[in-house]
There are 2 protein chains.
Amino acid sequence: MATGQGGATEMNTAMQRALAAAEARCLRAGAQLTELRRQVLALVLEAEQPLGAYALLDRLKAQRPGAAPPTVYRALDFLLEQGLIHKVERLNAFVGCVEAEHDHGHHQHPPQFLICRTCGATVELSDHAVAHALADAARRVGFQVANATVEVEGLCARCTEAAPAG
Amino acid sequence: MATGQGGATEMNTAMQRALAAAEARCLRAGAQLTELRRQVLALVLEAEQPLGAYALLDRLKAQRPGAAPPTVYRALDFLLEQGLIHKVERLNAFVGCVEAEHDHGHHQHPPQFLICRTCGATVELSDHAVAHALADAARRVGFQVANATVEVEGLCARCTEAAPAG
DNA sequence: ACTGCTGCCGTTACTATATAACCTCAGACA
DNA sequence: TGTCTGAGGTTATATAGTAACGGCAGCAGT
Ligand SMILES: [Zn+2]
Ligand SMILES: [Zn+2]
Ligand SMILES: [Zn+2]
Ligand SMILES: [Zn+2]
């Protein structure tokens, strides 16, 4: 393991910082980051790839044997509302928001994802040019944008190198 | 009904043209637009909104009583491969491709959708500026784009007028 | 203390979406 | 004829998501 990523059990510093930031953010929003919600958030954050609700449920059961689908879906709904995680529609899976820690004061920014076909790695972008192009295109037909899903599938840099002669 | 849109039973000229174009397109691709596939395509095209697989299945059963989920999913897979329809990921639903008739020689162009929250109307765009912005953003991080999902939720022009004081 | 209210969550049951696996048949072709 | 392929019927199952009810802690008003 060359990545230095901590496993599920040991709580590394990055994770602790992220959870503390989430806590602070919820406090400001007048929302309660309960033990359950924190557990689900930690499971999402410690995964290196987007996880489906049932994958999260399986892992959650280690800590909370009685957990059922509504347990995890309710927690996910909360985390989505707080802007702490995103849903990747194409994968029916959830990832931590990379901007949640920075917290520029706004919930729910519109994310863009690059999803690698080969290794499954998913990277979150917030490209303004893309957002603007989209807003322009919508405005041209009189459409008011509330919320945009942008998910690109393809080959990440590492996998492109590994398989050059496509 | 002021739209002039034909119902499910009467086959209007626009539909006939679309089906003929699909036929031609499949012929060129060496693919068979069988009766089943044509029926499913017609069901998708005659709907004014994106339809889910099971909604299509229900309608298909009128013509094909034995139809089951694999029946419709296999037809949908074929139509997706031929670029005759698209899937709207956020709705788990399918729409006809507005460009299928023009047929610039390429299958599978990357679509962009504007989905109205209020009336459900879904419009397909093919905005080059958006596609380029996205390709640029991806290239900047060494990502090779294969396929992009762009789905914007919001208020269409008509619904914006109807509810001005949001 | 009693009451009523709210938010969180356990629990059961269910709906919706999608796929696996196996089989038959028809057409192409050696 | 044997065999291969693609289409699709059929059954069962996997995966994703929700509805509905009930308990219980915390808090406000009386
Ligand atoms: Zn984000
Ligand atoms: Zn990769
Ligand atoms: Zn299209
Ligand atoms: Zn509308």
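The sequence lines fix the lettering, A, B, ..., with proteins before strands; numbering per chain opens at 1. Basis for what follows: all heavy atoms, side chains included, without hydrogens, waters or symmetry-related copies.
- A 4.5 Å side-chain heavy-atom check between A:T13 and A:Q16 finds at least one atom pair inside the cut-off.
- Between B:Q49 and B:T122, the closest side-chain pair of non-hydrogen atoms is not below 4.5 Å.
- Side-chain contact check for A:R59 versus A:L51: some heavy-atom pair is nearer than 4.5 Å.
- At C:dC8, one or more side-chain N or O atoms of A:Q32 fall inside 4.0 Å of OP1 or OP2 (strictly under the cut-off).
- Atom OH of B:Y54 and atom P of C:dT17 are 8 Å apart (whole Å).
- Nearest-nucleotide positions on DNA chain D place B:T34 closer to the 5' end than the other of A:L91 and B:T34.
- The nearest whole Å value for the distance from the CG atom in B:L57 to the C1' atom in D:dT10 is 13 Å.
- Inter-residue side-chain proximity for B:K87 and B:E89 is flagged as met; some heavy-atom pair is nearer than 4.5 Å.
- Across the protein-nucleic acid pair, A:L36 atom CG and C:dT11 atom P stand 12 Å apart, rounded to whole Å.
- Between the P atom of C:dA18 and the CZ atom of A:R90 lies a distance of 13 Å, rounded to the nearest Å.
- Counting heavy atoms from C-beta outward, A:E124 and A:C97 have side chains that approach closer than 4.5 Å.
- Note on B:R38 versus B:E23: salt bridge recorded, some NZ/NE/NH1/NH2 to OD/OE distance being below 4.0 Å.
- Of all nucleotides listed (C:dA18, C:dG10, D:dA7), C:dA18 comes nearest to the side chain of B:F94.
- Of the possible donor and acceptor atoms, one in the side chain of A:E151 sits under 3.5 Å from a partner among the backbone N and O of A:R90.
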Please tabulate the protein-to-nucleotide N/O contacts below 3.5 Å involving nucleotides 25-30 of chain C, giving atom names and distances.
none

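- Here the CG-CG distance, from A:L36 to A:L41, works out to 11.0 Å after rounding to the nearest 0.5 Å.
- Residue B:K87 places at least one side-chain N or O closer than 4.0 Å to OP1 or OP2 of C:dA18.
- In this model, the phosphate group of C:dA16 is not approached by any side-chain N or O of B:N92 to a distance below 4.0 Å at OP1 or OP2.
- Each end of the helix from C:dA1-D:dT30 to C:dA30-D:dT1 gets its own rotation axis from five pairs of C1' atoms, and the angle between them is 10° to the nearest 10 degrees.
- Annotation: salt bridge (Lys or Arg N to Asp or Glu O under 4.0 Å) contacts of B:R64 (sequence neighbours excluded): none.
- Annotation: proximity of residues 61-79 of chain B to DNA chain C (heavy atom, distance under 4.0 Å) is found for B:P69, B:P70, B:Y73, B:R74, numbered in ascending order.
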Which atom pairs, one a donor and one an acceptor, fall under 3.5 Å between side chains of residues 69-85 of chain A and the rest of the protein, sequence neighbours left out?
residue: A:T71; atom: OG1; partner: A:A68; partner atom: N; Å: 3.0
residue: A:T71; atom: OG1; partner: A:A68; partner atom: O; Å: 3.1

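- The CG atom of A:L60 sits 8 Å away from the P atom of C:dG10 (whole-angstrom rounding).
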Below 3.5 Å, can you tabulate the donor-acceptor pairs from side chains in residues 125-144 of chain B to any protein atom, sequence neighbours excluded?
residue: B:S126; atom: OG; partner: B:E99; partner atom: OE2; Å: 3.0
residue: B:S126; atom: OG; partner: B:H109; partner atom: ND1; Å: 3.3
residue: B:D127; atom: OD1; partner: B:A129; partner atom: N; Å: 2.9
residue: B:D127; atom: OD1; partner: B:V130; partner atom: N; Å: 2.9
residue: B:D127; atom: OD2; partner: A:R140; partner atom: NH1; Å: 3.1
residue: B:D136; atom: OD1; partner: B:R139; partner atom: NH2; Å: 2.6
residue: B:R140; atom: NH1; partner: A:D127; partner atom: OD2; Å: 3.1

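- For the pair B:L33 CG and D:dG6 P, the computed distance is 17 Å after rounding to whole Å.
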